[in-house]
Amino acid sequence: EFYNSFNQLNESADFEITEYEIVFDVNRTLSSKAAIYVDNPNLDKYEFTLYHGYKVSKITDENDNDLEFVQDGDYITVSNSENKTLDCIVFYYSGSNPRFYSNSQGINLPSYIAFYPHSGFHELFSCRHCGFLPLADEKDIKFDVTVNSDKQVYCNLNETSENHFSGESNGLSLFSGFYEETESNGITIVYPYPDTTMKKNPYEQQTIDSLINQYIADGIITSDIKKILIIPHTNLASDYERLGIYSDHIVASQLESIESYYEEVQINPNKIDLLNLIEKYKEQIHHYISEKDKGIYD
């Protein structure tokens, strides 16, 4: 209902983010201190996208001096009215997403949720698709991420110490709860282990190996993909929620469903209607030719 009345935008920023240093505290909700390093330190304003369920309490420079900002739904505008040199902008925020949880019982935060600030204004949600849209940075960005949680946290980045992760990617994904991990062909697969209680266990090693080999052969999994993170069974709506492909990892609703959604998520969401019209037109032409061959239109 929020997105039925909120005017979403797609506007590129006049700066790029070069590095994130983020500390997440996971208790009843998610709290965060996110230090964001930018490549253009002398702008009048900086525009970011952060899901509106996360409320910003303050934004500072790297010396802890407050900066003026406005949070309007998913969009945050930071003002540099004093013409400071802002190499680093620090966000303090907390909150939650009603469908993608982050609390003491578990974490389900795929990158497309915008649970950390992204440069520019982005359309996050499609009312037509009834779900979140793809969101990934154009280039890999350095990440240094600490998650303060009583549970083991799984992340697409390398774990350098307990629940501390670092590396480069064009997206950050975090999970915890009833998870296990295994490896196949040099790729780590993280999956919710209650799925193994199903009549047909989709995470038997032989099944995993067969699927991974197939995806590599089909070019779906490239040499850059190091991890596949499986989302728990929640009410995923759009195809773009069921499968997200990033520079170093894949987020999927099921390991065996990756191929079926792969082609759909390559399509720009704004061109789905055009594709459907083309497919419908091709069907009608095929039907006409078939009927004409039968002499119906002679």
Side-chain angles (χ1 to χ4, degrees), residues 1-13 17 30 47-56 70-77 93 95-102 107-139 141 156 169-175 220 228-247 249-283:
E1 293 197 2
F2 171 86
Y3 287 107
N4 281 327
S5 58
F6 180 65
N7 182 32
Q8 297 189 78
L9 303 170
N10 278 307
E11 296 180 2
S12 299
I17 296 172
L30 182 77
E47 296 173 333
F48 296 89
T49 297
L50 178 70
Y51 178 73
H52 61 273
Y54 303 106
K55 304 303 181 184
V56 179
V70 174
Q71 183 172 19
D72 178 17
D74 292 334
Y75 306 135
I76 298 167
T77 302
Y93 62 92
S96 61
N97 182 304
R99 286 168 65 239
F100 293 88
Y101 51 84
S102 50
I107 300 172
N108 177 20
L109 293 176
S111 184
Y112 52 77
I113 297 306
F115 63 95
Y116 60 95
H118 293 257
S119 60
F121 292 159
H122 300 274
E123 182 182 4
L124 294 183
F125 190 88
S126 169
C127 292
R128 181 187 178 282
H129 295 284
C130 299
F132 286 91
L133 296 171
L135 177 65
D137 293 297
E138 293 183 2
K139 299 178 181 179
I141 299 174
N156 57 294
S169 179
N170 65 345
L172 173 69
S173 298
L174 298 173
F175 296 89
I220 296 174
I228 298 177
L229 306 168
I230 306 300
I231 299 175
H233 289 291
T234 56
N235 53 339
L236 301 174
S238 76
D239 291 342
Y240 304 100
E241 291 181 15
R242 296 184 178 99
L243 180 63
I245 300 177
Y246 301 91
S247 61
H249 73 290
I250 291 174
V251 174
S253 57
Q254 293 178 316
L255 185 63
E256 63 269 32
S257 69
I258 289 177
E259 188 170 30
S260 62
Y261 292 117
Y262 179 75
E263 289 189 7
E264 285 86 345
V265 300
Q266 308 302 312
I267 302 166
N268 186 310
N270 296 319
K271 296 183 178 179
I272 290 291
D273 288 340
L274 177 60
L275 176 65
N276 291 337
L277 285 172
I278 292 171
E279 292 298 327
K280 186 175 182 180
Y281 175 75
K282 288 163 63 177
E283 288 177 7

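Basis for what follows: all heavy atoms, side chains included, without hydrogens, waters or symmetry-related copies.
Nearest heavy-atom pair across Tyr112 and Ile231 is OH-CD1, 3.5 Å. Nearest heavy-atom pair across Ser253 and Ile230 is O-CG2, 3.5 Å. Counting all heavy atoms, side chain and backbone alike, Asn4 lies closest to Cys127 at OD1-SG, 3.4 Å. Here the shortest heavy-atom pairing between Leu135 and Ala114 reads CD2-CB, 3.8 Å. Listed here is the closest heavy atom pair of Asn170 and Ser247: OD1-N, 2.9 Å. In terms of heavy-atom proximity, Ser257 sits nearest to Gln254 at OG-O, 2.9 Å.
A donor-acceptor pair under 3.5 Å is absent between the side-chain atoms of Gln8 and the main chain of Asp74, judged by distance alone. Ser119 places no side-chain N or O within donor-acceptor distance of the main-chain N or O of Ala13, the cut-off being under 3.5 Å. Ser238 contributes no side-chain N or O that, together with a main-chain N or O of His129, makes up a donor-acceptor pair within less than 3.5 Å. Checked by atom type and distance alone, the side chain of Asn10 pairs as donor or acceptor with a backbone atom of Glu123 at under 3.5 Å.
Judged as a salt bridge (charged side-chain N to carboxylate O under 4.0 Å, His left out), and not counting sequence neighbours, Asp137 has no contacts. Glu47 is linked by a salt bridge (charged side-chain N to carboxylate O under 4.0 Å, His left out) to Lys45, counting only residues two or more places apart in sequence or in another chain. Legend: residues meeting ring pair (Phe, Tyr, Trp, His ring centres under 6.0 Å) with Phe125, ordered by chain and number and at least two apart, are Tyr3, Phe132. Residues meeting the ring pair (Phe, Tyr, Trp, His ring centres under 6.0 Å) test with Tyr75, sequence neighbours left out: Phe6, Phe121. Checked against side-chain contact (heavy atoms from CB on, under 4.5 Å), Gln266 has the following partners two or more places apart in sequence or in another chain: Ile245, Tyr262. With sequence neighbours left out, the side-chain contact (heavy atoms from CB on, under 4.5 Å) criterion links Ser96 to no other residue. Checked against salt bridge (charged side-chain N to carboxylate O under 4.0 Å, His left out), Lys55 has no partners two or more places apart in sequence or in another chain. Scanning for ring pair (Phe, Tyr, Trp, His ring centres under 6.0 Å) contacts around Phe115 gives Phe24, with sequence neighbours left out. Residues meeting the side-chain contact (heavy atoms from CB on, under 4.5 Å) test with Ser173, sequence neighbours left out: Ser111, Asn156, Phe175, Leu229, His249, Val251. Residues satisfying the salt bridge (charged side-chain N to carboxylate O under 4.0 Å, His left out) test with Lys282, not counting sequence neighbours, are Glu279.
Annotation: the span from Ile107 atom CD1 to Phe100 atom CZ amounts to 14.5 Å, rounded to 0.5 Å. In this structure, CD1 in Ile141 is found 5.5 Å from CD1 in Ile17, a value given to the nearest 0.5 Å. The line from CG of Leu124 to CG of Leu9 is 10.5 Å long, rounded to the nearest 0.5 Å. Atom CG of Leu30 is separated from atom CG of Asn97 by 10.5 Å, given to the nearest 0.5 angstrom.
Residues in residues 229-241 take part in these salt bridge (charged side-chain N to carboxylate O under 4.0 Å, His left out) pairs, two or more places apart or across chains: Arg99-Glu241, Asp239-Arg242. Sorted by first then second residue, the salt bridge (charged side-chain N to carboxylate O under 4.0 Å, His left out) pairs that include residues 107-120, not counting sequence neighbours, number zero.
Between His118 and Tyr116, the distance separating the two ring centers is shorter than 6.0 angstrom.
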